[in-house]
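Take a look at the structure set out below.
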Amino acid sequence: MKNTDIKKLTQWYDQNKRSMPWRDTGNPYDVWLSEIMLQQTRIEAVKPKYIAFKNELPDIASLANCDDDRLMRLWEGLGYYSRARNLKKCAIFLMEYYDGKLPKDFELLKILPGIGPYTAGAIASIAYNLPAPAIDGNVLRVLTRYYGITEDIRLPKVKEMIEEKLNDFYSPKQLNPNYASFNQGIMELGETICVPNGAPQCKKCPLNKNCYAYQNQMTDSIPYRSSLKDRKILARTLFIIRDDQSFLVHKRPHKGLLAGLYEFPGVDAHLTKSEMISHVESLGFTPLKITTLPEAKHIFTHLEWHMRAYEIKVAEIQHTLDEHYYLANKKELQSLAIPSAFRKYTDWYSLRD
DNA sequence: AAAGCGGGGAG
DNA sequence: CTCCCAGCTTT
């Protein structure tokens, strides 16, 4: 990138950056936490969660000592829950080996749990102003347009091409560079001006003079993204087994989809009412009254759940199932981390808020 | 290299 | 409804 554009970009950022709860606090923990939360997640969704999280776990030490259920509760609704587990794992590692601090080194950051090439570059540049690339989806979009790269943005080689183009900037030849403003500037540009879906506000862009896509009217064809494969559809039947006080809940396995989160028990099939009754009886329950609840669909990136649900009232709930099943009253239920997939049913009972 | 992993906004 | 967005780990 031309030196004049680098200067325009960093100046544009310093003058136009939006205020964020984690921005310019001078605390590397804030950069780390926000960058992990912002992976695959929109800024507006992150803001309230970030504030609540910081309030509960203000530093790396408190994160390292946080109870797992509490951690999941703080992450509830953000998705990709392994991010939270890796966050804690990393905090424990930092307390043990790095004096509770994030290392000021791109290569060392990159090998920490949950921190990959992008996040390592973001922490290195934003928290410590070190010369390191931080190539996220925004950077990929802005720079494929700027350089006129028409290849499939999903291919790893496109990221490598961008990295190659940026190499000069991250070498020490540059005079007094502001790596934090440069990296954040490209991302901020991607979020506010160089937006996806063919509606970028190129007239306002500080890079428009040398932008290939703008100069050649190609902003709706760049970046090119190949289409995704079809999602698998999984039929589910949920059992909301309850008495007047309590509900039966199930804690999902600690690995895999929605790991360690709570749900209403169920099976991976659509059961008819009579099949459902024999299943529930085989679990040791005697239905007193059965209500068919509305069906619900939940879409994951790679999977769709098509859910049926029955409310099964029993006289006095007790169970002899394994340790992954719990009885929770309404109040306890509100303190458990239950993913959005079940929102229709948790809302049904006004169990939240 | 490909698959697994959530959730929400726009149209 | 359909389409879009997208970083890290595991396989």
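Excluded from the calculations below are hydrogen atoms, water molecules and symmetry mates; all remaining heavy atoms, backbone and side chain alike, are included. Chain identifiers are assigned alphabetically (A, B, ...) following the order of the sequence lines, protein sequences preceding nucleic acid strands; residue numbering begins at 1 within each chain.
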Integer-rounded Å distance: C/dC5 C1' and A/L38 CG: 13 Å
Summary of side-chain hydrogen bond (donor to acceptor under 3.5 Å, both in side chains) pairs that have at least one residue in residues 260-271 of chain A, sequence neighbours excluded: A/D69-A/Y262, A/R236-A/E263, A/R236-A/D268, A/H250-A/E263, A/R252-A/E263
Any residue meeting side-chain contact (heavy atoms from CB on, under 4.5 Å) with A/E191, in chain and number order, not counting sequence neighbours: A/R18, A/I43, A/N138, A/M187, A/E188
Value in whole Å for how far the P atom of C/dC5 lies from CD of A/E44: 19 Å
Write out a two-atom table: protein N or O, nucleotide N or O from nucleotides 9-11 of chain C, distance below 3.5 Å.
from  : atom 1 : to     : atom 2 : distance (Å)
C/dT9 : OP1    : A/G114 : N      : 2.6

Residues forming a side-chain contact (heavy atoms from CB on, under 4.5 Å) with A/P21, sequence neighbours excluded: A/K47, A/Y50, A/I51
side-chain contact (heavy atoms from CB on, under 4.5 Å) partners of A/C202, counting only residues at least two apart: A/P200, A/Y214, A/T219
Interatomic distance where CG belongs to A/L87 and P belongs to C/dG7 [whole Å]: 17 Å
Atom pair distance, as rounded to whole Å: CD1 in A/I153 and C1' in C/dC5: 11 Å
side-chain contact (heavy atoms from CB on, under 4.5 Å) involving A/A127 - partner list, sequence neighbours excluded: A/P28, A/V31, A/I123
Sugar-phosphate only, base, or nothing, as touched by A/Y118 at under 4.0 Å among non-hydrogen atoms: sugar-phosphate
N/O donor-acceptor pairs under 3.5 Å from side chains in residues 291-302 of chain A, not counting sequence neighbours:
from   : atom 1 : to     : atom 2 : distance (Å)
A/T291 : OG1    : A/E311 : OE1    : 3.3
A/E295 : OE2    : A/R308 : NE     : 3.4

d(CZ, A/R141; P, C/dG7) in whole Å: 10 Å
Span that lies between the C1' atom of C/dA6 and that of B/dG4, in whole angstrom: 14 Å
Nucleotide N/O of nucleotides 1-4 of chain C paired with protein N/O under 3.5 Å:
from  : atom 1 : to     : atom 2 : distance (Å)
C/dC4 : O3'    : A/N197 : OD1    : 3.3

Review item, side-chain donor-acceptor pairs of residues 146-155 of chain A, under 3.5 Å, at least two apart:
from   : atom 1 : to     : atom 2 : distance (Å)
A/Y146 : OH     : A/D5   : OD2    : 2.5
A/Y147 : OH     : A/M1   : N      : 3.2
A/E151 : OE2    : A/K157 : NZ     : 2.6
A/D152 : OD1    : A/R154 : N      : 3.0
A/D152 : OD1    : A/S226 : N      : 3.1
A/D152 : OD2    : A/S226 : OG     : 2.7
A/R154 : NE     : A/S226 : O      : 2.8
A/R154 : NE     : A/S226 : OG     : 3.3
A/R154 : NH2    : A/S226 : O      : 2.9

Segment of DNA chain B, first to last nucleotide, that comes within the 4.0 Å heavy-atom reach of chain A: B/dA3 to B/dG9
Polar side chain donor-acceptor pair, A/N329 to A/S246, under 3.5 angstrom: no
Euclidean distance for C1', B/dG6 against C/dC4 (whole angstrom): 15 Å
Salt bridge present between A/K49 and A/E76 (N-O < 4.0 angstrom): no
Whole angstrom value for the distance that separates P of C/dG7 from CD of A/E35: 10 Å
Without placing hydrogens or testing angles, list every side-chain donor-acceptor pair under 3.5 Å for residues 108-120 of chain A, not counting sequence neighbours.
from   : atom 1 : to    : atom 2 : distance (Å)
A/Y118 : OH     : A/E35 : OE1    : 2.6
A/T119 : OG1    : A/Q39 : NE2    : 2.8

A/I241: hydrophobic cluster co-members (side-chain, 4.5 Å): A/F239, A/L248, A/V267, A/L271, A/M276, A/I277, A/V280, A/L283, A/F285, A/I290, A/Y310, A/I312, A/V314, A/I317, A/L321, A/Y325, A/L327
5' priority, DNA chain B, between A/K232 and A/A45 [closest heavy atom]: A/K232
